[in-house]
Amino acid sequence: MATKSNVKQTKSPEKAVEAQQSAQKEAQKEAQTTVVEVGDFVTVRELAKLMGRSPIDLIKVLMQFGIMAPIDQRLDHDTAAIVGEELGVEVRWPEPEVEEEEAEEAAAAEEKAAAMPKTFIQKVLEQEDPAKLVERPPVVAILGHVDHGKTTLLDQIRHTNVVATEAGGITQHTGAYQVEVDGRKITFLDTPGHEAFTAMRARGAQVTDIVVLVVAADDGVMPQTREAISHAKAAGVPIIVAINKIDKPNANIDRVMEELSKEGLTPEEWGGDTIMVPVSALKGIGIEDLLENILVVAELEQLKANPNGKCVGTVIEAKLDRFRGVTATLLVQNGTLKRGDAIVVGTTWGRIKAMFDYQGKPIKKAGPSTPVVVLGLQEIPKAGEVFEVVKNDKEARRIAEERKEAEKAKARVPQRRMSLEDLFAKVEGGEVTTLNIIVRADVQGTLEPVVQSLERLSGDEVKLKILQAAIGDITESDVMLAEASDAIIIGFNVGVEKSAQRRAEQSGVEIRRYKVIYKMIEDIEAALKGMLEPVYEESILGHAEVREVFRVRRTGAVAGCMVLDGVIRRNAKARLLRDGEEVANTVIETLKRFTEDVSEVRAGYECGIKLANVTDYQIGDIIEAYEMVEVR
C-alpha cells in the first residue's frame, strides 16, 4: 500500500503540470482570433499580434512556401491570406471607400470635360436647373470602314424595331430615326461616315452621345476604322464595337479584338472597358444584344435634358424640295420644339409651318433627342449648324441679319492659319492646355519613333495629345479632324492630297512637313515651351552711388549720383539700398545729365536721379537698377 501511495505521489505533480499546460493551450487557442483585418500592408510581427500567435509560427509557414521572412518583413494581401489559411485564420482587408472611388471617377470626368471645348448647347444645358433635368434617349452614330456592313446594320435595326410607315405617310430619308427597346428609345444618326460626324463638330455641334464602331470579323481593323476611332476619341464619346459578319467562315473575332486593343480599345473580356458585341447584320444575329448594350452605356453616361427649358438643337441634314420648299432634319437636344415656333439657324431663320417625325407622320411637338423634319426655313441651313427657338419672327430675322453681317465682315478679313502661334495665344488666355497633333508618316518604321518622340515632349502643364497617327499622305479627313479639334497636322516624308490642301487653306489648318526627325522635335519642343507660363528672372542693369542730395522746388529731392557699373536707364525698376538693406523698391522716374533729360547713363558718368515716391536720400546710398527678363 505504501508503495502505491508513493507512486501516486510521484505521478500527481506530472499530471498537474500536464493539466496546467493543457489549460494554457486552451486559453491560447481561445485568445487566437479567427478573423483579422489588415491595411494595405502588414508586417509578420503585426500579423502575429492580430492573430494571437507567436511570430515564429508565421515564419515557419512562410518557410514552407519558400519565403525567408524576418519578423519586420511586410506582407501583401495575398501572402497574408495564405498564412492565415494555413493557421486557420481568415485575413480580410477593408474594401476601398465607395465615396473615394466615386470622387476619383467624378474628378476624372471633370478633367475630361474641362479638356473638351464647350459647345453652345452644352452651355445652355449648364444654365438649366438640375432639378428639372430628366433622362433622354441616347443619340448614336454608326461609323466604320467601307464594306464592313454599316448600312446593312442600320437597315437591320430599322426593320427589326421601326414600325412600318402608315399608308399615306411621307416616306423619305430623314438622316435620323428612332427605335424602341424594352420601352426605351434610341436615336440613330444615319450619317455617311466619320467625315460627316466630324463636320458637325467643326461647326460647333456635339450631337452624338455614343459611337458604334462596325468592324468586319473577316477583315479586321482597316485605315478607315483607325480614322473613325480617332474621330470618335477626339469627340470624347464612348465607343461600342459591333464585330460584324461573324456568320462568315473566315471570321476571326479574337484577331479583331487583338487589333482593336492595339488601337486603344481593349475588350471588357480582356480587362478593358470597351464593350464588343459579335453581330451578323445580314442574318440579324446579336442585334438585340447590341441595342441592350447601347442602353447600358447610355445609363452610365446619365444623359439628361430639360423638356421645358430653352429649345436648342442641331441640323442633321437639309435640302430644297421641289414641292415643299426648304426641308430640314433637326435633332432637338433641349427643350420642346413646337409647330409655329420661330427659330434661328446659323444665318437663316423661319417659322415652323409643319413638322414630321422620322416616319413622316405629322406631329405638333418634339422633345429632347427627337429627330424631326421641319418646313418653313427661309434658306437651306448647313448640316451641323445649331438652331434655337426665339420669341417671334421679328427677333429671329434680326439675329439672322446680324449674323450675316458678321459673316461678311469675317470674309473680308484674310483667313488666319490655325498655327502654333494661334494656339499659344489661346493658352495664354487660359483656353487651351493641350496641343492636339495629327501625325502622318511614310512607313510604320518611321511612324513609331516619330510618335514616341512627340509623346516624350508632353509635360504636366501643357499636354501633347496625338489624335491620330497613320501611314500615307495627308487626307481631307485629317484636315476635318484638325478643324474640329484645333489640331495641327505633321507630315513626315509624305505628300498632301489636293483636296486636303485646298480645305486646309480655306479653313486655316496648319500642315507642317518634315524630313528630319530632330527638326520636328525642336519645333514642337519650342512650341510646348512657348505654351508654358512665362518665367521671369531679375537682371541687374547697374549701380549708382548717391554723392549729393539736391532740393528742387517743383520736383522735390533729387539724388546727385555717380554710376559705378553697368548702366542706369530711365523707367527701369530700381531699389534704394542703405548699408546693404533695401529702403525702397520703385522705378527711376527722372534721369538727367546736368539739365538735360537722358534715357540712360553709363558707368563713370555723373547724373541726377529721382526715384518715384522717394524723398529721403542719404549720401552713400546705392541705387540698384534692374529689369525682369523672360526666361524660357
* **From I142 atom CD1 to I210 atom CD1, the distance as rounded to the nearest 0.5 Å** => 11.5 Å
* May I ask you to test the K233-I239 pair for a side-chain heavy-atom distance under 4.5 Å? => yes
* **Rounded distance [0.5 Å steps], OG in S369 versus CD1 in I186** => 11.0 Å
* **Heavy-atom side-chain proximity of V296 to E292 below 4.5 angstrom** => no
* Under the side-chain contact (heavy atoms from CB on, under 4.5 Å) rule, what do I352 and I343 come out as? Steps first, then yes or no, please. => CA-CA 8 Å; I352 296 175; I343 65 169; 4.2 Å; yes
* To do: For Q156 and A281, indicate whether the former's side chain and the latter's backbone hold a donor-acceptor pair under 3.5 Å.
  => yes
* **From CD (E259) to CE (M222), nearest 0.5 Å** => 9.0 Å
* Heavy-atom pair of closest approach, residues V332 and G367 -> CB-O, 3.4 Å
* Does any donor atom in the side chain of T187 or Q178 lie under 3.5 Å from an acceptor atom in the other side chain? -> yes
* **Under 3.5 Å side-chain donor-acceptor pair for S485 and H231** => no
* Does I316 reach the side chain of V207, with side-chain heavy atoms less than 4.5 Å apart? -> yes
* To do: Using the test ring pair (Phe, Tyr, Trp, His ring centres under 6.0 Å), find all partners of F387 that sit at least two apart in sequence or belong to another chain.
  => none
* Within 45° of the six-membered ring axis of Y514 and under 6.0 Å from that ring's centre, is NZ or CZ of R440 located there? -> no
* To do: Any chance you could lay out the salt bridge (Lys or Arg N to Asp or Glu O under 4.0 Å) test for E402 and R398, step after step, and finish with the verdict?
  => CA-CA 6 Å; E402 283 175 3; R398 178 184 61 77; 2.9 Å; yes
* Take E299 and R184 through the salt bridge (Lys or Arg N to Asp or Glu O under 4.0 Å) test and state the conclusion after the steps. => CA-CA 11 Å; E299 203 167 306; R184 295 169 67 190; 3.4 Å; yes
* **Pair V181-L295, side-chain contact (heavy atoms from CB on, under 4.5 Å): steps then yes or no** => CA-CA 9 Å; V181 183; L295 290 174; 3.8 Å; yes
* Side-chain H-bond candidate by donor/acceptor type, T314 with Q333, under 3.5 Å -> yes
Between side-chain atoms of residues 127-134 and protein atoms elsewhere (two or more places apart, or another chain), which donor-acceptor pairs fall under 3.5 Å?
{"unit_1": "E128", "atom_1": "OE1", "unit_2": "N306", "atom_2": "ND2", "d": "2.8"}
{"unit_1": "E128", "atom_1": "OE2", "unit_2": "K310", "atom_2": "N", "d": "3.2"}
{"unit_1": "E128", "atom_1": "OE2", "unit_2": "N334", "atom_2": "ND2", "d": "2.9"}
{"unit_1": "D129", "atom_1": "OD1", "unit_2": "A131", "atom_2": "N", "d": "3.1"}

* **Partner set under side chain to side chain contact (heavy atoms under 4.5 Å, CB included) for I399, not counting sequence neighbours** => V344, V390, E395, R403
* **Any E263 side-chain heavy atom under 4.5 Å of V221 side chain** => yes
* To do: Start with the C-alpha gap between R503 and E476, add the side-chain angles, then the distance that decides, and say whether salt bridge (Lys or Arg N to Asp or Glu O under 4.0 Å) holds.
  => CA-CA 7 Å; R503 184 162 193 133; E476 191 174 359; 3.4 Å; yes
* Walk me through it: do I287 and I157 pass the test side-chain contact (heavy atoms from CB on, under 4.5 Å)? => CA-CA 7 Å; I287 303 299; I157 291 169; 3.9 Å; yes
* Nearest heavy-atom pair of S280 and N244: which atoms, and what distance? -> CA-OD1, 3.6 Å
* Asked: What's the spacing between L265 CG and T225 OG1 if we round to 0.5 Å?
  -> 10.5 Å
* side chain to side chain contact (heavy atoms under 4.5 Å, CB included) involving T266 - partner list, sequence neighbours excluded -> S261, W270
* With side chains defined as the heavy atoms from C-beta onward, is the minimum distance between T274 and V241 less than 4.5 Å? -> yes
* Beyond-backbone contact of K185 with V179, side-chain heavy atoms, under 4.5 angstrom -> no
* **Sub-4.5 Å side-chain heavy-atom contact between V496 and D473** => no
* Structure fact -> side-chain contact (heavy atoms from CB on, under 4.5 Å) test vs I489 passes for just one of D478, I437, V439, L467, namely D478
* Taking everything shown except E268 itself, do over 12 heavy atoms lie less than 6.0 Å from its CD? -> yes
* Asked: Can you list the steps and then say if D209 with V140 is a side-chain contact (heavy atoms from CB on, under 4.5 Å)?
  -> CA-CA 6 Å; D209 301 312; V140 181; over 6 Å; no
* Does the side chain of I240 come within less than 4.5 Å of L213's, by heavy atoms? -> no
* To do: Classify the angle between the aromatic ring planes of Y358 and Y177 as parallel (below 30°), tilted (30 to 60°) or perpendicular (above 60°).
  => tilted
* Nearest heavy-atom pair of G286 and V279: which atoms, and what distance? -> O-CG1, 3.5 Å
* Structure fact -> The complete set of side chain to side chain donor-acceptor pair (under 3.5 Å) pairs with one or both residues in residues 338-354, sequence neighbours excluded, reads R351-D393
* Examine distances only and state if a side-chain atom of D442 and a backbone atom of V494 form a donor-acceptor pair shorter than 3.5 Å. => no
Give every donor-acceptor pair under 3.5 Å between a side-chain atom in residues 371-380 and any protein atom, sequence neighbours left out.
{"unit_1": "E379", "atom_1": "OE2", "unit_2": "K404", "atom_2": "NZ", "d": "2.9"}

* Asked: Got a second to check how far I438's CD1 is from L481's CG, nearest 0.5 Å?
  -> 4.0 Å
* Asked: Counting distance only, does the side-chain N/O of D357 pair as donor-acceptor with the main-chain N or O of K361 below 3.5 Å?
  -> yes
* For the atom pair CD1 (I490) and CD1 (I474), what is the distance rounded to the nearest 0.5 Å? -> 9.5 Å
* Heavy atoms only: give me the nearest A228-L143 pair and the separation to one decimal. => CB-CB, 4.0 Å
* **T336 side chain vs P307 backbone, donor-acceptor pair below 3.5 Å** => yes
